[in-house]
Amino acid sequence: MSWPVAKSAIDYILSNDDLFKEESVIWDFIGGEPFLEIDLIDRICDYLKTEMYRRNHRWFNSYRFSFSTNGINYDSQKVQDFISKNKEHLSIGITIDGTEKKHDLNRIWKGDGEERGSYKDVVRNIPLWLSQFPVGGTKVTISSADIPYIKESVLHLYSLGIHEVNINVVFEDVWSEGDDLKFENQLLELADAIIDNGLYQHNACSFFSEQIGKPLDAANDNQNWCGAGRMLAIDAAGNFYPCTRFAAYSLRSKKPIIIGNVHDGINWNKLRPFLSLDRTTQSPQKCIDCEVASGCAWCQGENYDAAESDTIYQRSTAICKMHKARVRANNYYWNKLYRKLEIEGVDRNSEQCFKKSDNVIC
C-alpha cells in the first residue's frame, strides 16, 4: 500500500461520521506479514492519532491498533519502537501453531532451493511478547493433516506461557473420511489432560465452551455469524471489500466483490446484500433444525467461494461433521469438569475460578 492510498482511506473514514457511527474503532493491520511494512504502519498510526485529535473525533481515545503477526521480526528495533510508542492502544497476537512439528507443517521458509520450518525463529520471541502482552493469545488453525497434533500442540502452547489458545478447523472442504472421529479423540485426550492436571484454572482453549451444542431458535437467534459487510477492508490499491476474504488474493476461483474505493467511497447497492444476511437466509434446512447448531460457525467468504453460483446466500457445510465431533467432546469436557468440582466440594460460584474459552467464571 502506498502512503497516498493509506492517507485517502483514513481521510474518507474520518470525514464520514454519518457512515461510521460506532463509538470505538479497531484499526486492524493484516498481510501477509504486517510488520514487514512497519515504517508505513508507523506513519499511518501517527497520522491517525493526529487527525483524530485535530478533528476532535470521538475515536481519539477510543481506538486500538490490532496486529496478527508471525512473530519473526517482533524483536526488531523498529517494531519495538512502535510498540513502545503505542503500547496503551495495541493488541498484538503472535501466531504459533503448537509444537515444532505442527508449526513447521505449514509455516516454512522457502528460497534458494532450501525449505525449513520457522518454529525456532518464532518461539524465541514469545518471552518478549508475553512480557509486553501477558494476556496475549494465539490463533491456531486445524486442517486434516494437523489433527494428530491437536492435544500436544495446545499443551505445548500452555507450557510456553500462552494461556489463551484460540483454535478452530478450517472452513474449506478438506476433510477425509474418519477425520471427525480422529478429531473427537484428540479433543477427548486434551480434555482429560486439561482437567486431570488442573490446567483449566489458568488456561483456556476455544474448542471447549458451554455455549455450543444447543439448538437455536430462529425467531430469537438469527444473526449472521461474522461481521462481513459491517467492517471495512481496504487493499493496497485502495479498493473496499466487505471483508478481506472477498479480495482476489483470498479467493480460489470467484471474482472479488469490491464495494467501493478510497476515491469514490462505498457503493451501498453493492454492500446492501451483506447487510441483509442472517442465519436462516443462507442456511439449508438441516442447519436450521440442527439440535447442536449453536457454535457452528461459517465464513461468509468461503460460502461465496464454495457456492454453485456467485451468491453469498449459500452456506457451506463442509465442517458439519467436525462441529458435531467437537460438540461430543465438549459435552465430555464440561461433564467431567463439573463432576470433578463437585467431588472436590468446589462451589461453582465461589472465588475459585476456572477459565472458559470466552471468559472467566468465578
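Note that this is a predicted model, so its numbers are computed, not measured. All values below were derived from every heavy atom in this structure, side-chain atoms included, with hydrogens, water molecules and symmetry-related copies excluded.
For the pair Phe35/Ile72, no side-chain contact is recorded, criterion being any heavy-atom separation below 4.5 Å from C-beta on. Thr95 places a side-chain heavy atom less than 4.5 Å from the side chain of Ser68. Between Arg245 and Cys299, some side-chain heavy-atom pair lies under the 4.5 Å cut-off. Using a 4.5 Å heavy-atom threshold, the side chains of Phe29 and Glu37 count as separate. Using a 4.5 Å cut-off on side-chain heavy atoms (C-beta onward), Asp310 and Lys255 make no contact.
With 3.5 Å as the limit, one finds no donor-acceptor pair spanning the side chains of Glu88 and Asn86. Side-chain contact of Asp97 with Tyr119: a donor-acceptor pair under 3.5 Å is absent, judged by distance alone. Residues Ser15 and Arg55 have side chains that bring a donor and an acceptor to within less than 3.5 angstrom of each other.
Ring-plane geometry between Trp3 and Tyr47 is classed as perpendicular, the angle between the planes exceeding 60 degrees on a 0 to 90 degree scale with a lower cut at 30. Between Phe20 and Tyr12, the ring-plane angle classifies as perpendicular under the 30° and 60° cut-offs. By the 30° and 60° cut-offs, the orientation of the rings of Trp27 relative to Trp59 is perpendicular.
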Legend entry - Step-by-step ring-ring contact (aromatic ring centres under 6.0 Å, His included) determination, Phe183 to Phe207: CA-CA 11 Å; Phe183 179 53; Phe207 272 147; 5.3 Å; yes

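Figure legend: Lys87 and Phe133 shown as a cation-pi pair, the cationic atom lying under 6.0 angstrom from the six-membered ring centre and within 45 degrees of its axis.
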